[in-house]
Structures are given as structure tokens and as C-alpha cells.
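Not measured: the values here are computed from a predicted model. FYI, side chains are in, hydrogens and waters are out, and symmetry mates aren't considered; it's all heavy atoms of this structure. Here is the naming used below: chain letters follow the sequence lines, and residue numbers restart at 1 for every chain.
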Amino acid sequence: MTDVLAHLRRRERWGVAEIAFWLALVAGIVAFPARAGLVNEALIAGLFALSLDLILGLTGIVSLGQAAFFGVGAYTAAILANAGYHDPLLGVLAAIVPTALIGFLTAPLLLRGSDLTRLMVTMGVALMLGELANREDGLTGGADGLNFTVAPLFGRFAIGSFGEGPRNAALFSLAVLFALLFVARRLARSPFGISLTAVRENRLRAGALGISAAWRIVAIYTISAAFAGVAGALLAETTQIASLDLFEFHRSANVMLMLIIGGAGYLYGGVIGAGVFILVRDVVSAETPEYWEFWIGLMLVALVLFGRERLANLVRLRR
Amino acid sequence: MKAAILISALALGVVPAMAEDVTVGMILPMTGPSASTGKQEKAGAELYIAQHGDKVAGKTIKLLVKDDTGAADVTKRLAQEAIANDHAAALMGFGLTPLAFAVAPIATEAKVPEIVTAAATAVITEKSPFIVRTSFTLPQASAPMAQWAAKNGIKKVVTIVTDYGPGLDAEKWFGETFKHEGGEIIEAIRTPLKNPDFAPFLQRVKDDKPDAVFVFVPSGFGAMVMKQFIEQGLAKAGVKLIGTGDVTDDDQLNGMGEAALGVVTAHHYSASHDSPENKAFVTAFEKANGFRPNFMGVAAYDGMALLYHALEATKGATDGAGLIEAMKGAKWMSPRGPVEIDPDTRDIVQNMYVRKVEKKDGQLYNMEFETIPMVKDPFKATKK
Amino acid sequence: MTAPALEARGLSRRFGGLVATDNVSFSLQPGARQALIGPNGAGKTTLINLLTGVLKPTQGAVWLAGRDVTHVSASQRVRRGLARTFQINQLFPDLSPAESLGLAISEREGRGWDFWRAAGKREIVAEIEDLLTRFNLSEVYDQPTRALPYGKQRLLEIALALACRPRALLLDEPAAGVPEEERHDILAALAQLPADVAILLIEHDMDLVFSFAARISVLVAGRLLCEGTPEEIAADPRVRAVYLGEDAHG
Amino acid sequence: MLTLLLDGIAYGMLLFVLSAGLAVTLGLMNFINLAHGAFAMLGGYVTALLMNRAGVPFLATLPLAFLIPAAVGVALERTLYRRLYGASPLDQVLFTIGLVFMAMPAANYLLGNQPQQINLPDFLHGRLEFQGVGIGVYRLFTILLCGAIAASLQIFLVRTRFGAQLRAAVDDSRVAGGMGINVDLLFAITFAVGSGLAGLGGALAADVVGGVDPSFPLKFLVIMLIVVSIGGANGVLGALFGALLLGVLDVLGKYYAPTIGAFIIYAVMVATLTLRPNGLFAKGDRR
């Protein structure tokens, strides 16, 4: 029975499909620099969805307020840049601090009540933060948004809308996404990660094993907030604008849709769902800019009726 | 399988442009809360092309309409892609102020004209030397409203504006002008952007007992304000409702019913404007789309007119600097009346009309009764 | 004399006007094999919840290995050596038995907050394998728990509690619902539980109680009616009157 | 002050009528129907189009604003929704948001972007003033009508056998079926009531909120969810009191502290759910 170890470690190995997935992304960006902007948007949405997967997929905590951290992360990077700190890596790292702090402070709101309670409380926090950003227009530029510039990455690779900028931006986002997915992967396979699964699947039994669900939830919510903050900072830096709509309800709702489309709980679902959602939106809205939502809606309805699970299993890399 | 989707989708985005094509990237909110702006703008631009042909100075105009859903980061990406992939010679549209701001650095860097046909915060044209505007600025509409009010026996006013950029512009310019003319602002109320109930604000107005209440709300909230204005008994209490033309948006005015009658606003365009150009425009617009043009529709129509004008002047050359030069000082007869691009500010100079909502042929219209000729944006005028 | 593994001192719990637990005192010595029986509604579940810390007593105290844990949280009590099983399976449907046991061991070893190193450590594998063997789960170690036969799930229920290395173990009707052909697995597992663990068996099945327990306590209407050896309890007229007389296999 | 209170109650009633249907489907059937707003839009369009194009009087359109969405609701329930009872909440979210995405462009395509206004009959216009206390006639009308709806719903869903059967069916449809309850019929009726209420709410609210347009389903989704969650997702009374609380606090807040107006409803919601996680009127620990 030496294979118990192999069984426990079966999710740690990098599968061929997984490696191919990342290589395909790199190749895609290099081969199609013209669509790098779109890929960048999809990668960042994927990272944003990954942040939601940590709480929704791994831990079973629903949220309609991830946009709170997305927005705060974006404004952190923007405000830093306008204060003279233009380094993009610094901005991304700095976004972790306030988002993790807000996540930590608001996490206790998630510990009681039903799923509906959690959806509404997280949404309320996001909308209040958005309103706060609107009021503090001296800092945030209010409804006008904040435009800013960032320095080239490592002093060499310009990020932005011109020349190599979109491609570099997409590669930068890809690198950050990879780094954080790597972290999430380690986390999910660690004792802490398994304990989150335990909290999700049976909180009563988890407690009987000595696991205090409340603190685990606070911890993962804090981490998830930081992930979302990094995603927000990346979006702000690669588009060099932060605006109030980052806080809005539809951001939180869309990221949840993306995650559900791709399948929650195995980390890649968000990235795949975001890719599908954004590519389909791009293709359909180029055809019919007024009515594309109809076709997305039809896709969602069909997805549910024909079995989301079955479809997700087709593209699922390794479980 | 995923890779195949990815590649085919990526490939779709790249459309080779012909040398004799002039692509116009029109970026608008076609879905979401500002979708009505997008619909009007698209219709206005398409009507101009339909009426004047897609050939100008030997080039073929290709209009590329993109939906940015009102999100600034998407606007920016679409602008970048329009320039890099579709080789757009001009960008047009921009439904909200932050969206217009977002594209400014791209316009500057790529040297591509950004023709703003919607967003109305005064400062927009200063964000890039490549921005021109064919819509209007809120100071342009608010200041004349204040002058008219002061001259017509209104002494005390409460202002209600929506709490975001354009609203603050309107509040500031109405207030300062009105005070300059000797009036008094009793209170300046700001309402949240998502606000389904004005009753408490209007109750506050009622308790302030002003002569008039000046209102700026984004188009779409106008009907709500006017109905609740009546319902709260303000009209009976002798308070007048005045505002910018956003409140009595032509697009929606007809459905507003009796509540809108008698509301006085200042704006640059009314579908009832009495000129042959406008009659032809409105008829053609209604025929093509089944709804009435509003100030957004006419701004996009004029945006296209300005581009045609510039291309004729450059004899079809599409370099951005040349186009912008040709646009400066351009003068033409718009459906709204005579207009001109101020060569210093690249903002539009146009007549402002004071109008009152009346019934004409069974329909509601903003009937113009006073004209303030060729108003420049007062915001930029004061800066000199 | 060593301190009792688990001790209840005058535990009472009221829900409004209802007294669910009424001044219950007993103690479990290390290695004890004790059973708690009582008719439906006697307050067995409330008593377990009081002992494990899910509920706070209105009066009285709970002592664990010589220390007062009345105000210690449920999860902390587990860490101090009090484990339990559930009458209705409380398992992790998506995890395999090996993973579930690994989780329990990691938590016991204090690695529950380790978010970086892999859960599958070589050091814990031997213990997992030992538990799998002892509870006859070796053949299904890598199946998702939800796919296991009910009897195997019942065994995992006990194995998980044991993986906490408790001083005192509360078994809440371990054989409930197990089909006849799988019962011997459960009985065998109970028979070879470590001798140093104090066990309180809450059970309806009198055959199981009498074969397993050295002492039996009878709970009626929230209070302890009596306590004694199986022979004494079987002979006690009060017990017969309130309990055995009604429906011994209720 | 009393005027403000009345305004607050009227606004609360408006919120209630928009959310009551959601309280029925979410609270009683445990189904997350985010497409609720689409049914409300349908009801609003029914009233607006009948009035503006066919000249039907306002009051006469209201029954249809209930019945047509209810009929559409049943049709969708029988064909699509029923497959998702008991499905994961995430599937329900995905499915119903998909319906919203389809409904909005469809309305835009068929009826255009312009809000369809409802012009009330004269007797609902104007304002009553009584010793310095005033209220719009239409607001008074909504208060009375919604009060009546709330009372009859409460009686219908809680006091009758139907209500008891419904609760049994939601708790365990198989057992309920075994007891001879026609679960399918029960759910279909309840869903119809929920959809019909949504439609009626859309029709009644349309005048106050500036007409009904294609963005209606999303525009009021957030506020509808807030009302239901504050009330305690547990039927009609919770939603009624949640809506009234929100309405009154929102109106008072906007009047006395207009600068923080936008925060009020969110703050009230977060505070309420922090103190009472299952809402003000939750019974037991319902998931």
C-alpha cells in the first residue's frame, strides 16, 4: 500500500495538459500581438476569478463583492503612480496591503447567516467602498477616474497601449497570473488547503477534528482579497486608468459567472471561464454590439440545461 | 480544443484595411445603463454616412461600432485595437466622461483625432491636443440657463444635480453665473447616481421655498424628476422647474406626459428646432430608426460631418495632425443651427436655446423661444 | 490516582423552561469502556453537545484530563484530547479516506495552518496506512468518501475520531443503520480500539452495549438514573420499568 | 416630518411591490430567481403598451400586468425552471442571469431603448394635503394596494392549506408527493404568483421610477435583493417590513443628511445582516 503517498500527492505533479496550457498562452500572446489587449483583459479577469475560486470553490463561501478588492487594488496602484512611484511591480505588490487588510476586517461578516446573507453583505461592502471612492475625489478623481502612467517593467519593457506595450502588458499579466496560480496550487494542496475543503464539505466534522472554521475562513478571505487586489492593480497598470466602475455590481457578478462557467474548485476554472466569456463577448459583440448580451445569455442558459458539469469535465485538466 | 478557439478568435480581430479606406472607430456604451446614448449616437453617425455617401475625397468611410459597456478599461482597449489592428484614422463616441479621458493618452500618442460626441464635462478637450468635441459642455448649457433665470424674475434657486463629474460642472456653473447675476442659491443638493426616488430631495426643496429648482440629472432620470416634482406639489407651491436639456431629453420627452409641460431648459438642440436642415434631419432620422433624434444623435451626426469636412480639406490625407488642423475653425450648418469648432480649445461653439416644453401636433417638444448666439464653453473662457 | 480522562460535574442545561440536562455527574477513567443508554428524548444528544463544547452548560463544569474545559471552545477541546463520532455520518464527501485521515493527523500535529508544504508528507503515511488497515479501509483508500458503502463510511467515522489521538472518545450510535452483514466490521473495530482511550458509547443497540461496555449509565429525562455493571443495570428494576420494559431494542 | 414618514412608507411600499415576488420564489421555494426583474419589466411593458397603444385604462391593465407575466412564468417554469429545483444555487444563478441577459436585448430589439412611460389617470394625480401633512395621491394608492396585496398573500401562503402544503413540498418534495400533495401543481402555482407579483410590481413602480426600459431587470436587481435579504427571505411579511424599514430610513436619511444619501441603504443592510444574519424576520436557522 505504498501508493497512499502517491495518492495523496497526485494533485501536486504538473500534468502535460497543464504545462501545455501555459505554453499555449505564452505562444498565443507572442504569435498574436494584435489581440494582446484582449488576452490581457482575459488573463486579469482569470486572476480575478481565481481569487473568487479560493473562497467560493475551495471554501464554499459565496461572495458578490469581490469588486471591492478589485477596485481598491486598482486605485492603490493608480494613486501610488500619481504620487511618483511608477514601478509596476511595486504597484502590484502594494495593492496586497490595503486589500488584505479590508478583507481581514470584513471577513467576520461572512461567518454568520446564510449564503444569501453573505452575497448581500459582500455586495454591500463593495458598493459602499465604491461610493467612498466617489466621494473622496481628491484622492481618486471621483467619477472622472484616474489616468496615470507606469514605468517600464524592470526598466526595460514598456507597458501600455503602444508598440510592444500591449504584448508586454499581457506577458506581465500572464507572469503574475502564473505566480499566483502557483501559490494557489500549493495552497490548495497544503494541509491548510485541505482543511478549507473540510470546512466547505462538512463544517461540523471539521470542528470535531479541531478545526476552527471561523479563522480558516477569515484567513482565506484575506488571501482572496489580496489576489483580487493584485488583479485590480494589474488591470489599472496595464490600461493605465482606474475608474469607479471597477467597484460596481456587474464586476462582481461577471466574475462569478466566469468562475461558474469554467467550474469552481479546481483553480483553472476561473481562468478558462474568463477566457471563454471574454472571447465570446468579443466575437459576438463585434457582430452585434447592441444585442450581444442575448447570445451570452443563451449560452449561459444552454450551459446549465445541457449540464455545466459535463462540459466542464471535457476541458478540465486534471482533477 | 481551447487553443483552437483562442486562435480563431484572435485571428478574427485582425481585419486588413485597404489603403483607400478610412476607418472610424466608434466606441460607445451599447449595453448597460448608458445604452440609449449608444443607440442614438450610432444612428446619428450612420444617418450621416447614408445621406452623404461613404465616399469622401476619394476615400471610403468604414464605420466600426464597438460596445465598451461603459467600462473605461474596455474603452481603452477597444481604442488601442481600433488604431493598431483596424488602422482607424479617427475615434469617435465616448458616452461618459471617464471613457473620454481614458482614450486621451492614446489619441495623443498615436496622433489620431478623438471626436467626442457625447461626454460633456468641460475639461475633456484639454486632456489631449487631438480631442475635438461636437456635443456640448455642461457649463455651456448651465450658464445661459442662469442668465435667463436671473432676467426672468427668479431670485432664489435650489439646485439638484447628480453627484458625479457633469453634475458638479452644472452645479458650479449655474450657481456662479446665477450669483454673478444677482441671484441667490439657497441650497445645492447632490443626489446619488443610482437613485430611484427623488421625493425626499424635492421635499427639501419645497421646505426651502425657492422661486425655482435647477435640475441636472443624466438623461433617463428626467421623467422621474418631473413626475415627482408634480406629485410632491412643488408646481402648486409655485416653484418653477428649470434645468439643462438633459432633463427633457427628446428621446424620452414624448412619453413623459403632462408632467413635463412648461419645464424650461437651456440646451443646444431640440428636435423641434425650426430650420430646413433640422426638418430634413429629423424626418430622415425618424424614418431610418423609428424614434426621434436627441442631442446625442445630432452630436454624432455632426461628428461625422466634421470628419468629412476635415477629410475634404486634407484632400483625403489621414494623418491625425493634419485632420485636427483642418477641424480647427471648421464651420458648418448643423441641424441644431450654426456651429463652429473653436480653434483654440477644439470645443464646439454653438447657439444655446432657452426652451419650454409644449405640445405640438399632439406630441411634446422643447419649443425654443430665446437664442443666445454662438456660446463658447465658459469654463475655458474664464481660464484665459 | 490519575485524573479521569473526562468528567462531568453537575452539568445542567435549560432551554427556556425545559430542562434538557439535569445535574449530571460522571467520570470516565483512562481506558474506560462505558456506555450511556436511555430512551428517546432522554437528553443524550444534549449531553454530548455539552461535553464536546457545542453547547455551554447553564450550570456545572466539564473536566478533561484534570483540567476545567467548561469555557474552552469545541475545537480546542479536540486538541486537548476529546474526540467524537456522529450518529449521522459527518464526513467529507469529496475527500478520500486517506485524505480525510491525513487531514485529521495534520490538524492534530498542528500543521493545519501550513499553506505551503504539501499535505501528503511521508511521515504521516505510516499512520494513515495503519488506520486504514485497522478499520478495514485499505481497499477503498483512494475512493471519494461519497462513493463508499455505508458500512465503510461508518468505519471512517470512527477512524477519523481516532486519528485525533483522543484521551476520551464519544461514540454516538456507531452501528446505527449499518446492515447486518457489515455489523461485524464495526464490532471488530470497536473491540480493538486502543486500550488507553476512555470510551463513552451512546447506543440503542443493547447487544452491542452489553458486549462492549464494562459500565453502563442510564439517562432518563435529562438526569442519570443509575450507573453500574451490565449485570447490575440489567437487574435494576427502575431501568426495567422506564426503559428495558418498554422496548429494549427501540 | 409626518409628510416625510408617509413618503418613506410609500417608497417602502414601492420597494415591497417590486420585491414581493422575489420573496415568494426565494423565500418560499428556495429558488434564486435573478430573472425576477425581467418579469417585472414584462409587467411594466404590459401596462405601458396597453395604455399607450391600445388606450386601455390604467386600472384595467393591472390584472393583465399580473396575469401575463404569471402565464409566462408558468410556461418557463414547466419547461425550464423545474429542471433546476434542487440544483446547486450556482446553476440557478447562472441560468437566471442568462435569462436576464436574453430579456434585455430582446426588449431593446422589440420595443426600443426609450423608456415606456405610464401616464396615470387624473384621479391618481396630484396631492392630498391635510393639516400640513401631504402625500401624493398615487403614493397613497400604492400604499393601500400593496398593503392589501401583502395581507392577502400572507393569508394565502401562511394560513391556508396551500401554504402548509407548499412548505412541506419545499422541505421534502418526495415525502410531500407521497402524502398525496400534487407537488408539480403547487410549485407551478407558486411560481406563477411570484412572477405575477413581479409583473404587477413593475407596472405599479414604472410611473415612479421613470418608466420601464430594457435595463429594468438589472437596474432594480440589487435593491430587490437587499429588500428580501433584510426582510429575511422567509415569505411576504419579512419583505414588507424590510422594505418599509429601508424606505423610511432612506427617505429620512436623504432629507436630513443628503450628503451621505447613497450610503444609507447599503449601511442599513450591512448593519441589519450583521446583527440579524438571517434577516429581521427569519424563523429558525434556514439556509
Per-residue contact mode, B/Ala71 against chain A (heavy atom under 4.5 angstrom):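 Both parts, backbone and side chain.
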
Contacting moiety of B/Ala72, where chain A heavy atoms sit under 4.5 Å: both

Please give me the minimum heavy-atom distance between [X] and [Y], naming the atom from each residue.
| X | Y | answer |
| --- | --- | --- |
| A/Glu41 | B/Val74 | OE2-CG2, 3.7 Å |
| B/Thr31 | A/Pro289 | CG2-O, 3.9 Å |
| B/Pro98 | A/Ala143 | CG-O, 3.2 Å |

Trace of the side chain to side chain contact (heavy atoms under 4.5 Å, CB included) decision for A/Asn147 with B/Lys127: CA-CA 10 Å; A/Asn147 280 280; B/Lys127 295 291 176 180; 6.0 Å; no

Max heavy-atom pair count under 4.5 Å with chain A, selected residue of [options]:
| options | answer |
| --- | --- |
| B/Gly38, B/Pro105, B/Gly165, B/Ala110 | B/Pro105 |
| B/Lys42, B/Met30, B/Arg77, B/Lys76 | B/Arg77 |
| B/Leu168, B/Asp163, B/Thr121 | B/Asp163 |

Roughly how far, to the nearest 0.5 Å, is the [atom2] atom of [Y] from the [atom1] atom of [X]?
| X | Y | atom1 | atom2 | answer |
| --- | --- | --- | --- | --- |
| A/Leu146 | B/Phe101 | CG | CZ | 11.0 Å |
| B/Glu81 | A/Asp282 | CD | CG | 6.5 Å |
| A/Ser285 | B/Leu78 | OG | CG | 7.5 Å |
| B/Leu99 | A/Ile241 | CG | CD1 | 7.5 Å |

Which residues share a salt bridge (charged side-chain N to carboxylate O under 4.0 Å, His left out) with A/Glu248, sequence neighbours left out: none

What part of [X] is in contact with chain B, defined as an atom under 4.5 angstrom from a non-hydrogen atom: side chain, backbone, both or neither?
| X | answer |
| --- | --- |
| A/Glu293 | side chain |
| A/Pro166 | side chain |
| A/Asp144 | both |

With B/Asp73, the side chain to side chain contact (heavy atoms under 4.5 Å, CB included) member among A/Ile44, A/Thr239, A/Asn40: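 Option passing the side chain to side chain contact (heavy atoms under 4.5 Å, CB included) with B/Asp73: A/Thr239.
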
Heavy-atom side-chain proximity of A/Trp292 to B/Thr69 below 4.5 angstrom: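 Side-chain contact under 4.5 Å: yes.
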
Lys/Arg N to Asp/Glu carboxylate O, A/Arg281 vs B/Asp67, below 4.0 Å: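 Judged by the 4.0 Å cut-off on N to carboxylate O distance, A/Arg281 and B/Asp67 do not form a salt bridge.
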
